[in-house]
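Heads up: numbering here begins at 1 and tracks the sequence.
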Amino acid sequence: MKQLYISQLNEHLGEALTEEFYLKDIFMKYTKDKGIPYLHLMLQDKTGSLAGRVWENNIEEEYLNLKGKVIKIYGEVLLNSKKFPEFIGWKMEPVTEYEIGRFINGLNEEETKQYLHMLQKQVSLIHHYGFHELVELVLNGQMEKLSEVPVSLHQAGAYNGSLLVQTVSVTSMSIQIMRSQKIYAYHPDLKINYQEDLLIAASLLFGIGTTNLYSPFPEAEKINEYALLPKDTLSIQLIESYSKDLKCFLSIEDKNLLYHMVQSAYKGEYQKPMIREAVILNMAYTTYLRISSQEFFLTENQQKTGTVFIPKLNHYIYLVKRPNGHEGMPEGIPYEAADHMEADLHPEQQ
């Protein structure tokens with residue numbers, strides 16, 4: 001049974017360990033100086049990934065057949081020449097009884113149910129018949145993939161279901177930004193109403209093309225035929241493929257505005273969106289990515305305290321260990337968090 005997670009292994013450097021991991025990859029390599037053969041391992045659990053190796057004198061022929069399986073590995077964690085931790089294995093064997101959720105990043109059944117519930121609530125806010133039907137067609141057609149695929153293969157979005165989380169979160173942020181502008185940024189000379197239906201539809205669909213870009217964990221790889229296309233192009237292609245089945249009328253202008261919104265979500269600041277709603281979606285998506293990325297590195301470095309420089313962020317983050325009172329809290333979306341998500345909706349929609 002699994003006892004230690006990858007995020008905890010820095011506390012056990014040099015200790016003899018017997019632990020279970022998902023063996024994401026394994027292949028033969030050779031040292032640069034003397035050409036000594038060894039097996040390179042990529043170990044994974046729900047807290048992250050860890051490189052490992054098995055030296056020549058401990059290699060067994062059947063080890064290469066363990067790729068894609070949960071294994072028990074005997075060995076120790078040491079720092080390599082670049083000061084990164086590696087698991088040096090002495091022996092490996094397959095595990096037949098395990099809980100896959102301990103090894104593969106992803107939403108559990110209850111979390112998925114809560115996010116899908118919020119997704120449907122957000123769809124119900126669209127009153128434009130054409131946009132509403134198009135969103136339902138696309139989301140219903142892609143629902144299984146939407147609930148399973150990661151947003152990326154690295155860092156914050158590298159877990160099953162992260163596309164669903166991103167979609168709900170960015171839509172929620174877009175709605176809140178728009179409403180705060182309407183209520184608190186009022187100017188008597190500004191009388192142009194926000195296109196709420198366009199904003200919500202675009203927020204729900206801008207990332208949908210990712211369903212055709214990656215396969216879910218544990219395989220977790222790019223789908224070759226789509227790998228060369230950017231995410232906005234993938235989303236527009238997918239939306240267009242469903243638009244031919246529309247029964248409600250959706251004008252060419254409305255579709256073009258929707259596609260402009262999708263493209264604007266991924267644009268940098270130097271590429272200016274043409275309409276306010278596109279600015280809001282771009283802000284919501286960019287903010288979500290930056291916060292999620294920082295949360296990822298906070299988790300990755302949770303054993304440290306104080307100010308820590310993260311090269312991949314090119315930025316410092318400040319780390320404080322959680323008080324003991326937070327230990328043992330259940331993972332996932334607390335019900336009170338779900339209640340806050342509900343508050344994003346109009347009262348009549350709750």
Side-chain angles (χ1 to χ4, degrees), residues 119-120 122-143 145-146 149-152 157 162-179 181 192-214 222-223 225-289:
L119 188 74
Q120 292 305 320
Q122 291 169 337
V123 173
S124 70
L125 297 178
I126 303 173
H127 301 295
H128 184 288
Y129 291 123
F131 283 143
H132 187 103
E133 185 188 4
L134 180 60
V135 169
E136 285 203 323
L137 280 172
V138 176
L139 293 182
N140 289 339
Q142 297 293 308
M143 191 61 71
K145 290 183 178 180
L146 178 66
V149 300
V151 168
S152 71
S162 58
L163 180 58
L164 175 60
V165 173
Q166 174 184 280
T167 300
V168 171
S169 300
V170 171
T171 303
S172 174
M173 293 171 72
S174 295
I175 292 171
Q176 290 298 340
I177 293 172
M178 176 188 64
R179 290 180 181 169
Q181 284 296 108
I192 301 175
N193 293 327
Y194 281 91
Q195 301 180 69
E196 294 189 27
D197 293 328
L198 173 63
L199 176 60
I200 297 172
S203 299
L204 289 167
L205 295 181
F206 82 96
I208 197 65
T210 309
T211 58
N212 283 340
L213 185 57
Y214 303 120
K222 283 191 174 183
I223 302 172
E225 60 186 298
Y226 300 106
L228 296 177
L229 297 177
K231 289 183 178 180
D232 57 331
T233 302
L234 285 171
S235 292
I236 291 172
Q237 283 186 340
L238 199 57
I239 296 168
E240 186 67 23
S241 70
Y242 283 93
S243 64
K244 65 180 183 299
D245 297 323
L246 277 172
K247 296 179 181 177
C248 295
F249 176 72
L250 188 64
S251 69
I252 293 177
E253 181 183 3
D254 285 337
K255 284 178 63 175
N256 286 340
L257 285 173
L258 180 64
Y259 295 156
H260 170 66
M261 295 279 288
V262 171
Q263 291 177 319
S264 295
Y266 295 100
K267 286 181 177 179
E269 293 181 1
Y270 63 93
Q271 294 176 300
K272 305 299 183 185
M274 292 172 60
I275 56 178
R276 296 171 301 173
E277 291 78 9
V279 174
I280 291 173
L281 176 55
N282 178 272
M283 289 175 60
Y285 176 54
T286 303
T287 302
Y288 174 79
L289 285 183

Enquirer: Is there a donor-acceptor contact under 3.5 Å from the side chain of S235 to the main chain of D232?
Expert: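 Not a single qualifying donor-acceptor pair exists.
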Enquirer: What do the steps show when you test L125 against I175 for side chain to side chain contact (heavy atoms under 4.5 Å, CB included), and what is the final call?
Expert: CA-CA 10 Å; L125 297 178; I175 292 171; 3.8 Å; yes
Enquirer: State the CD-CG distance between E277 and L257, to the nearest 0.5 angstrom.
Expert: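 It comes to 8.5 Å.
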Enquirer: What heavy-atom pair brings S243 and K255 nearest, and what distance separates the two atoms?
Expert: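 Heavy atoms only, the tightest pair is OG-NZ, 3.5 Å.
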Enquirer: How many angstroms lie between CG in L204 and CD in E136, if you round to the nearest 0.5 Å?
Expert: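 Interatomic distance, L204 CG to E136 CD, rounded to 0.5 Å: 10.5 Å.
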Enquirer: To the nearest 0.5 Å, what is the distance between CD (Q142) and OG1 (T211)?
Expert: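 One gets 4.0 Å once the value is rounded to the nearest 0.5 Å.
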Enquirer: Taking the side chain as every heavy atom from C-beta outward, state whether L198 and D254 have any atom pair closer than 4.5 Å.
Expert: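 No; the side chains remain at least 4.5 Å from each other.
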Enquirer: Would you indicate whether the side-chain heavy atoms of N212 and E225 approach each other to under 4.5 Å?
Expert: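 SC-SC contact between E225 and N212 ruled out.
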Enquirer: For residues 165-176, which residue pairs qualify under salt bridge (Lys or Arg N to Asp or Glu O under 4.0 Å), counting only residues two or more places apart or in two chains?
Expert: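 Qualifying pairs: none.
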Enquirer: Does the pair M283 and M173 meet the rule for a side chain to side chain contact (heavy atoms under 4.5 Å, CB included), with working shown?
Expert: CA-CA 9 Å; M283 289 175 60; M173 293 171 72; over 6 Å; no
Enquirer: Could you tell me the separation between the OH atom of Y285 and the OG1 atom of T167, rounded to the nearest 0.5 Å?
Expert: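 Nearest 0.5 Å value for the OH-OG1 distance: 10.0 Å.
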Enquirer: Minimum heavy-atom separation for A202 to M261, with atom names?
Expert: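 Where A202 meets M261 most closely, the heavy atoms are CB-CB, 3.4 Å.
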Enquirer: Any side-chain heavy-atom pair from K231 and L213 closer than 4.5 angstrom?
Expert: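 Side chain of K231 against side chain of L213, heavy atoms only: contact under 4.5 Å found.
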Enquirer: Once you round to the nearest 0.5 Å, how far does CG of L258 lie from CG of L199?
Expert: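 Rounded to the nearest 0.5 Å, the CG-CG separation comes to 11.0 Å.
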Enquirer: Enter the distance from L205:CG to I239:CD1 here, rounded to the nearest 0.5 Å.
Expert: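 Going from the CG atom of L205 to the CD1 atom of I239 covers 4.5 Å.
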Enquirer: Step through the shown structure and confirm whether more than 12 heavy atoms of other residues, nucleotides or ligands are within 6.0 Å of CE on M274.
Expert: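 12 or below, so no.
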Enquirer: Side chains of T210 and Q166, heavy atoms from C-beta outward: is any pair under 4.5 Å?
Expert: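 SC-SC contact between T210 and Q166 ruled out.
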Enquirer: Is the Y266 ring parallel, tilted or perpendicular to the F206 ring (thresholds 30°, 60°)?
Expert: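 Rings of Y266 and F206: tilted, as their planes differ by 30° to 60°.
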Enquirer: Counting N and O atoms only, with roles assigned by atom type, does the side chain of S174 sit under 3.5 Å from a partner on the main chain of V170, one being a donor and the other an acceptor?
Expert: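 At least one qualifying donor-acceptor pair exists.
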Enquirer: Got a donor-acceptor contact below 3.5 angstrom from the N282 side chain to the S264 backbone?
Expert: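 Checked: pair present.
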Enquirer: Within a strict 4.5 Å, meaning less than it, do heavy atoms of the R276 and M178 side chains meet?
Expert: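 The answer is no; the side chains never approach within 4.5 Å.
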Enquirer: Looking at side-chain heavy atoms only, is the closest gap between L139 and Q120 below 4.5 Å?
Expert: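 No. Closest side-chain heavy atoms not under 4.5 Å.
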Enquirer: Report yes if some heavy atom in the side chain of L163 is under 4.5 Å from a heavy atom in the side chain of Y214; otherwise report no.
Expert: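 When only atoms from C-beta onward are counted, Y214 and L163 do not touch, as no gap falls below 4.5 Å.
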Enquirer: Give a yes or no answer on whether the side chain of Q237 reaches the backbone of G209 with a donor-acceptor pair at less than 3.5 Å.
Expert: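 Pair absent, no side-chain N/O of Q237 close to backbone of G209.
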Enquirer: Any idea which heavy atoms bring K222 and A227 closest together, and the distance?
Expert: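 Heavy atoms of K222 and A227 come nearest at CD-CB, 4.0 Å.
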Enquirer: Is a donor on one side and an acceptor on the other found under 3.5 Å between the side chain of K244 and the backbone of S241?
Expert: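 Such a contact is found between K244 side chain and S241 backbone.
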Enquirer: Only counting residues at least two apart or in another chain, list the ones meeting ring-ring contact (aromatic ring centres under 6.0 Å, His included) with F131.
Expert: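 Partners of F131 under the ring-ring contact (aromatic ring centres under 6.0 Å, His included) test: H128.
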